[in-house]
Amino acid sequence: MEKEYILFIDSGVGGLSTLAEIYQRLDENYIYFADNKNHPYGNKSPEKLCEILTKIITDVKCHYKLKMVVLACNTATTSVIDSLREKFPETAFIGTEPAIKLAENLGYKRILVLVTKLTSCQPKFKNLVENTKKIGTIVKVLVVDKFASNIERNLIENSFLSNFRVLKNLYTIKLNSKNIDSVVLGCTHYCHEKKRIENLTGKTVLDGNFGVFKRVLTLDKQFALSKSFPVFMLSNSSKFTKQKYVKIFNQILANK
């Protein structure tokens, strides 16, 4: 029987946290496509982003049989998932959404949602905020300038300067967290700084990765016989860069 794969796509390291959440829980065959050539997605128009993702999925389909595609990127989910479902009607798509509803269900009333600029202006995101907001709940949306790019650079370069840039973003988040009781991460890149956000703000920090796992579990009709290590694909690849991605993924697994 031909192997079937679950394809994860992100503009870089962000979706590795999403992949790790599913990988540790579910025996399957996985592909992780890091579109680092086009990073960040947050500054692309929906039309351009749809063009980019259409090509990626088409190219991967030429070599692998896909069971489903996970957009491990909040920006891509809010701006183009509906268009991709129209272009690939035979393929199941799962998106990544900020865990605002989870925060509300846990009883939090003053929620700070961190998102990219493109996500913040998408109708899908705005509807999510409005449709899940209960009476008495305040949802504050914060766009943190270049946060995803700074995290990407810091994880790959691990330099003093790259870490300093991330710390500046974290300080902005801290300043905006004084009158809130929880932080929701609306970009998978932000998950890599989840612990530091918790430590700096003193607030509960939530992400949407477990929600993605539950959706994958619902749609996965026939599981693989065993778990295999993910296939890593990069749009701008070198041996060093690919090894770096594998190392980061293994570190996430080790810390879970």
Side-chain angles (χ1 to χ4, degrees), residues 3-23 28-85 87-88 91-96 116-119 122 146-159 162 187-192 209 212 228-252:
K3 270 189 178 182
E4 291 185 297
Y5 290 82
I6 300 177
L7 170 63
F8 286 71
I9 307 175
D10 184 48
S11 63
V13 299
L16 290 175
S17 64
T18 312
L19 172 62
E21 185 78 36
I22 287 86
Y23 179 81
E28 269 299 353
N29 303 305
Y30 300 98
I31 300 171
Y32 187 82
F33 194 104
D35 188 19
N36 54 337
K37 178 182 177 181
N38 291 302
H39 177 85
Y41 280 171
N43 64 6
K44 305 286 189 299
S45 68
E47 293 76 19
K48 181 61 178 177
L49 192 50
C50 187
E51 177 186 328
I52 290 169
L53 291 171
T54 297
K55 185 177 187 309
I56 289 172
I57 296 166
T58 301
D59 290 347
V60 173
K61 274 177 167 284
C62 289
H63 300 92
Y64 298 92
K65 185 177 181 181
L66 298 183
K67 180 179 290 188
M68 66 183 78
V69 176
V70 176
L71 296 184
C73 171
N74 296 80
T75 300
T77 300
T78 57
S79 57
V80 300
I81 193 169
D82 293 335
S83 297
L84 291 174
R85 284 172 172 151
K87 288 178 177 292
F88 301 95
T91 303
F93 282 86
I94 296 174
T96 309
T116 65
K117 184 177 181 180
L118 182 57
T119 294
Q122 292 304 309
K146 298 181 180 178
F147 193 26
S149 296
N150 290 337
I151 292 170
E152 177 85 15
R153 190 177 297 110
N154 190 41
L155 284 171
I156 300 300
E157 297 177 2
N158 194 26
S159 67
S162 62
C187 171
T188 53
H189 272 76
Y190 302 169
C191 297
H192 293 284
N209 287 337
V212 176
S228 58
F229 195 75
V231 176
F232 281 83
M233 305 173 72
L234 285 75
S235 56
N236 188 13
S237 182
S238 67
K239 185 177 181 181
F240 167 78
T241 309
K242 184 173 288 190
Q243 288 175 343
K244 192 72 175 179
Y245 271 76
V246 173
K247 182 179 179 180
I248 294 168
F249 179 67
N250 284 324
Q251 287 174 338
I252 296 170

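Treat the numbers as computed from the prediction; the structure is a model and nothing was measured.
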**Study point:** Shortest non-hydrogen contact between Arg153 and Asn150, atoms and distance
**Key:** NH1-OD1, 3.3 Å
**Study point:** N/O donor-acceptor pair under 3.5 Å between Ser11 side chain and Asp35 backbone
**Key:** no
Check your understanding: When rounded to the nearest 0.5 angstrom, what is the spacing between CG in Leu71 and CD1 in Ile57?
Key -> 6.5 Å
Check your understanding: Any side-chain heavy atom of Phe8 within less than 4.5 Å of one from Ile22?
Key -> yes
Review point. Would you call the rings of Phe249 and Phe232 parallel, tilted or perpendicular, where under 30° means parallel and over 60° means perpendicular?
Key: perpendicular
**Study point:** Interatomic spacing from OG in Ser228 to NZ in Lys3 - rounded to 0.5 Å
**Key:** 4.5 Å
Review point. Do Ile156 and Val13 have side-chain heavy atoms sitting under 4.5 Å apart?
Key: yes
Check your understanding: Quick one: are Pro46 and Leu118 in side-chain contact, heavy atoms under 4.5 Å?
Key -> yes
Revision key, fill the gap. To the nearest 0.5 Å, atom CD1 of Ile9 lies from atom OG1 of Thr18 at 12.5 Å
Point to revise | Asn154 versus Ser162, closest heavy-atom pair with distance | key: OD1-OG, 2.8 Å
Review point. Can you check whether Leu16's main-chain N or O pairs, donor with acceptor, with Tyr32's side chain at less than 3.5 Å?
Key: yes
Check your understanding: Does any non-hydrogen side-chain atom of Asn74 lie less than 4.5 Å from one of Tyr190?
Key -> no
Review point. Hey, does the side chain of Thr75 reach the backbone of Gly42 with a donor-acceptor pair shorter than 3.5 angstrom?
Key: no
Check your understanding: Is there a donor-acceptor pair closer than 3.5 Å between any side-chain N or O of Asn36 and the backbone N or O of Asn236?
Key -> yes
Check your understanding: When rounded to the nearest 0.5 angstrom, what distance separates CG in Leu66 from CG in Leu7?
Key -> 5.5 Å
Check your understanding: Does any non-hydrogen side-chain atom of Gln251 lie less than 4.5 Å from one of Lys247?
Key -> yes
Point to revise | Non-hydrogen side-chain atoms of Cys191 and Asn209 separated by less than 4.5 Å | key: yes
Review point. With distance as the sole test, does Lys44 use its side chain to make a donor-acceptor pair with the main-chain N or O of Asn38 at under 3.5 Å?
Key: yes
Exercise for review: Please name the pair of heavy atoms, one in Val212 and one in Gly95, separated by the smallest distance, quoted to 0.1 Å.
Suggested key: CG2-O, 3.8 Å
Check your understanding: What class does the angle between the rings of Tyr23 and Phe229 fall in, given that below 30° is parallel, 30 to 60° is tilted and above 60° is perpendicular?
Key -> perpendicular
Point to revise | Geometric class of the Tyr64/Tyr5 ring pair [parallel <30°, tilted 30-60°, perpendicular >60°] | key: perpendicular
Point to revise | Flag side-chain contact, heavy atom, 4.5 Å: His39 against His189 | key: yes
Point to revise | Side chain proximity check, Phe88 to Thr54, heavy atoms < 4.5 angstrom | key: yes
Practice item. State the NZ-CD distance between Lys146 and Glu152, to the nearest 0.5 angstrom. Key: 15.0 Å
